[in-house]
Structure formats: structure tokens, C-alpha cells
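I have placed the structure first, in the form of C-alpha cells, so that the comments after it can refer back to it.
All residue numbers refer to positions in the sequence shown, counting from 1.
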Amino acid sequence: MLELGPMLRALMRNKIGALLIALQIALTLTIMVNAIFMMLARSAQMARPSGLDEQNTFYLTNTVFAPNYNLQAALAQDLQRIRQTPGVVAATQINAIPLSGGGWSMSLQNKPGDDIDGTGVAVYMVDEQGIAAMGLELIAGENFAPSDVIWRDQGATEWPAKIILSQAMAAQMFDGDWKKALGQTLYINNHEPMQITGIIKSLQAPWNGWDNVENAMLVPQQLDSRNSRFFIRTEPGRRDALMPQLEKALAESDKGRIVRNMKTMEQTRADSYREDLATYNILLTVIIVLTLITGFGIVGLAMFSINRRTRQIGTRRALGASQWQIMRYFMLENLLISGLGVLLGIGGAVGLNIWLVSTFAMKPLTPGLLLVGCAALLAVGQLAVSYPALIAARISPATATRGRA
């Protein structure tokens, strides 16, 4: 307390420099806290489980160009060839790939009628091996039987009588209680009934930025299409060896089509979140740069203050002040400046977050993160001033008294 008066008077003599550092700390806190908040949100989004066995799954595209091609017979032969390959757990034809950015979506209603609001759901057309091929977990009900699977011609509007929903979709359709969904009937195209025969734990849609990304539906259909995909799951550790082997086997077995675009689910996830990862890294870089600039600014102000007060420091040393007391003086002085900056920064951080919430529909900033940001910047301030304070503490009384005030 005895040092507080001289400390404040010294700061008032250099109030512009102290105020600039406080404003710099405030700006850093404002940006840093909100950037970390956005980074945590991005990280949580990128870490969401897709529901798939990503480490052991891949897919490829089958494009037919030959005329008079028997698509249904060829598809059956291809699936048999893939499934009989040693190391393959399961395989299915599929219309869309999770997290790929492109796919099918429909609207499901609890009641029929054109005036009934529906809920969006991603649609995956698979056969009886769809669940096994994707590595999904069936938590209720039963899988499709081979007799449930029907062919879907291009342009067709009919849907099968059975469906399997993700747990999130089932919960959304039945007031948060997914267990009520099993055996219930939903309606597609406003009128067509579809019975829920199974519930899978999780499966993401093809669009990672969609609000209903956890809403997914499996339907027992095979596409009669010249452009289709095979989704394949292998035994653990055998995926990379089987990929070129299966690609070559399929390509050589039929010259009337092209096998292309082979890709793992891990690659698909990386591509899907490439922009999110880039944003994460940019925000991290901004935080590091701002923190370093703030730290160097504190060092510069402290060194300037020490150079101006060399004689004063020497006098205090001659009167018996210890090196620790000199260090403590400058560290407390910095704590006052940093405290002012943190107080201003709290207001700035909250204000910026309010704007982000209203503009981008983000979640509000958590108080815990704000406190962590304040503590971090106070610690940065103390760390930055510690070196100049140590230099000041090492000034000898004799050297200081020869200097000019």
C-alpha cells in the first residue's frame, strides 16, 4: 500500500504509454476470448462422430458407359465379387456419402397431409448389408431383410414401406423420446406411410454445416443408375491393401464401365472440415500474434520506464531496498496497467460476443472462458515485465547515482 501512491504518480507522468498498453491488452482480450470461443466451437464440430467405422471404410464410384447394359445383373455380380474378397466385412450400393457435401434429403411428417410441417432428414439408400458396411450401431429394432430391398428407377417417386432412423431423428420426431419411435409410422411426400423398424445410434448427413446434421434415414433401395457408388468396410488394418486390389478387380471384370473416385472416409472427413480447420488455424495464429505483440509492448514500456527512473531506482537501492522489492514494484505497476486493460477488455469481449450472437446465431460466451482469458493476459503481463524488472533490480546504487534523472 505504501508503494501505491508513488506508483500511481509515476504512471501519471507517463499516462499515454500506460493507457496505450492498457488499450492493447483490452483489444487482445476482446479478440482472444471470442476467437478461442469460436475455436472451441469449430473443434467440437469437427470432432462429432459420424457414426461410421471411418478407419476401415472406403467407397468408389461405378460409372457405366456401354449401351444395352444390364445394370441390375452387373450390380449383383459386383457386390458378390466384393463381398467374397478376403478381408471384406460388408459392402453395399449407396446413393450418398456422409460428410461428402452432396446427397439426398427429404421431409418426414408424423401425420399425412399437405398442411403438416415436416422435419428434414438425409436419405441413404442401402441394402441388407448397409448397416454392416457402414459400421453403424443398431440400438433398437431390426435390420432390413433381403426381401425388403426394392429397385428404384431414375425419376421414381415411390418409397419402401420400412425405414431405419438415427437416434437423433427419432428423438426429434417424437418429442425427444426416441424409444417411442420403434414401430411407429411416418409419412414422406405428405402421404406415403413408412414404418420405423430400427434405430441406429448415430449417422451424419452429407452436409456438416446443416443444423440437422444428425438427422439420417436408411431406406432399403438399390438404384438402377448408370452412376452409383459402392461403400465397403474391411477388417481392421486391411483397408489400404484392399483398396487398389478391389479397384483393379472391378475395372478388369467389366470393360463397359469406369471405376473411379476411390476415397476413404477419413479423407472425406478431412476434406469436409478443411475450411473449418483453416479457420481454426487462422484464429490460433491471430491469438498468438496478438499475445506476442502485447507482451513486447509491455516489455518496451517497462524498459522505457526503467531508463527514465534509473536514478530513482538507485536511490531506493542505496536506502536499503532489496532486489526483490524493486522487481515487485515494477510487477505491481504492470499489474495495475494490465488490470485496467482487462476491465476494458471484459466489456469489449462481451460487446463483440453480443454482436456475433445476433449476427451469426452463435452461442453466448461462457463466463468461465472469460475468466480464463483474463487470467491468461494477467499472467502474460507478469511474465513480460519480469525481465525488465530483473534488469531494474540489478542496477547498483553507485551506478544509478551517477546517472541523470
* To do: Taking the side chain as every heavy atom from C-beta outward, state whether Met32 and Thr291 have any pair of such atoms under 4.5 Å apart.
  => yes
* Structure fact -> Between the CD atom in Gln325 and the CG atom in Leu332, the distance rounded to the nearest 0.5 Å is 11.5 Å
* To do: Sequence neighbours left out, what passes side chain to side chain donor-acceptor pair (under 3.5 Å) with Asp254? Give chain and number order.
  => Tyr69
* **Non-neighbouring partners of Ile293 that pass side-chain contact (heavy atoms from CB on, under 4.5 Å), sequence neighbours left out** => Gln24, Val289
* Report yes if the side chains of Pro98 and Arg269 come closer than 4.5 Å at any heavy-atom pair, otherwise no. => no
* Asked: Say you draw a straight line from CG of Asp240 to CG of Asn56; how long is it, rounded to the nearest 0.5 Å?
  -> 9.5 Å
* Using side-chain contact (heavy atoms from CB on, under 4.5 Å) as the criterion, list what pairs up with Thr197, not counting sequence neighbours. => Phe144, Lys162, Ile164, Gln195
* To do: Indicate yes or no: does Asp117 engage Lys111 in a salt bridge with an N to O separation below 4.0 Å.
  => no
* Structure fact -> For Gln245, the side-chain contact (heavy atoms from CB on, under 4.5 Å) test, sequence neighbours excluded, returns Thr85, Leu242
* Structure fact -> Sorted by chain and residue number, the side-chain contact (heavy atoms from CB on, under 4.5 Å) partners of Glu235 (sequence neighbours excluded) come out as Val89, Arg238
* **Over 12 non-hydrogen atoms of neighbours within 6.0 angstrom of NZ in Lys263** => yes
* Which residue pairs pass the ring-ring contact (aromatic ring centres under 6.0 Å, His included) test when at least one of the two sits in residues 189-240, sequence neighbours left out? -> Trp207-Trp210
Pair up each side-chain donor or acceptor in residues 172-187 with any protein partner under 3.5 Å, not counting sequence neighbours, and list the distances.
| from | atom 1 | to | atom 2 | distance (Å) |
| --- | --- | --- | --- | --- |
| Gln172 | OE1 | Asn215 | ND2 | 2.9 |
| Asp177 | OD1 | Lys179 | N | 3.3 |

* Decide yes or no on salt bridge (charged side-chain N to carboxylate O under 4.0 Å, His left out) for Arg239 and Glu266, but give the supporting numbers first. => CA-CA 11 Å; Arg239 182 198 64 192; Glu266 289 178 326; 3.1 Å; yes
Only distances under 3.5 Å count here; give the side-chain donor-acceptor pairs of residues 118-133 to other protein atoms, sequence neighbours excluded, each with its distance to 0.1 Å.
| from | atom 1 | to | atom 2 | distance (Å) |
| --- | --- | --- | --- | --- |
| Tyr124 | OH | Gln204 | O | 2.7 |
| Asp127 | OD1 | Arg83 | NH2 | 3.4 |
| Asp127 | OD1 | Thr92 | OG1 | 2.9 |
| Asp127 | OD1 | Gln129 | N | 2.9 |
| Asp127 | OD2 | Arg83 | NH2 | 2.6 |
| Gln129 | OE1 | Arg83 | NE | 3.2 |
| Gln129 | OE1 | Ala91 | N | 3.1 |

* Listed partners of Glu192 passing side chain to side chain donor-acceptor pair (under 3.5 Å), at least two apart -> Asn189
* To do: Among residues two or more places apart or on two chains, list those pairs meeting ring-ring contact (aromatic ring centres under 6.0 Å, His included) that have a residue in residues 337-394.
  => Trp355-Phe360
* Listed partners of Gln93 passing side chain to side chain donor-acceptor pair (under 3.5 Å), at least two apart -> none
Show me the donor-acceptor pairs within less than 3.5 Å that the side chains of residues 369-386 make with the rest of the protein, sequence neighbours left out.
| from | atom 1 | to | atom 2 | distance (Å) |
| --- | --- | --- | --- | --- |
| Gln382 | NE2 | Met331 | O | 3.0 |
| Gln382 | NE2 | Asn334 | OD1 | 3.2 |
| Ser386 | OG | Leu383 | O | 2.6 |

* What distance do Glu214 atom CD and Leu203 atom CG have between them, rounded to the nearest 0.5 Å? -> 8.5 Å
* Atom pair CG/CZ of Leu250 and Arg81 - distance to nearest 0.5 Å -> 6.5 Å
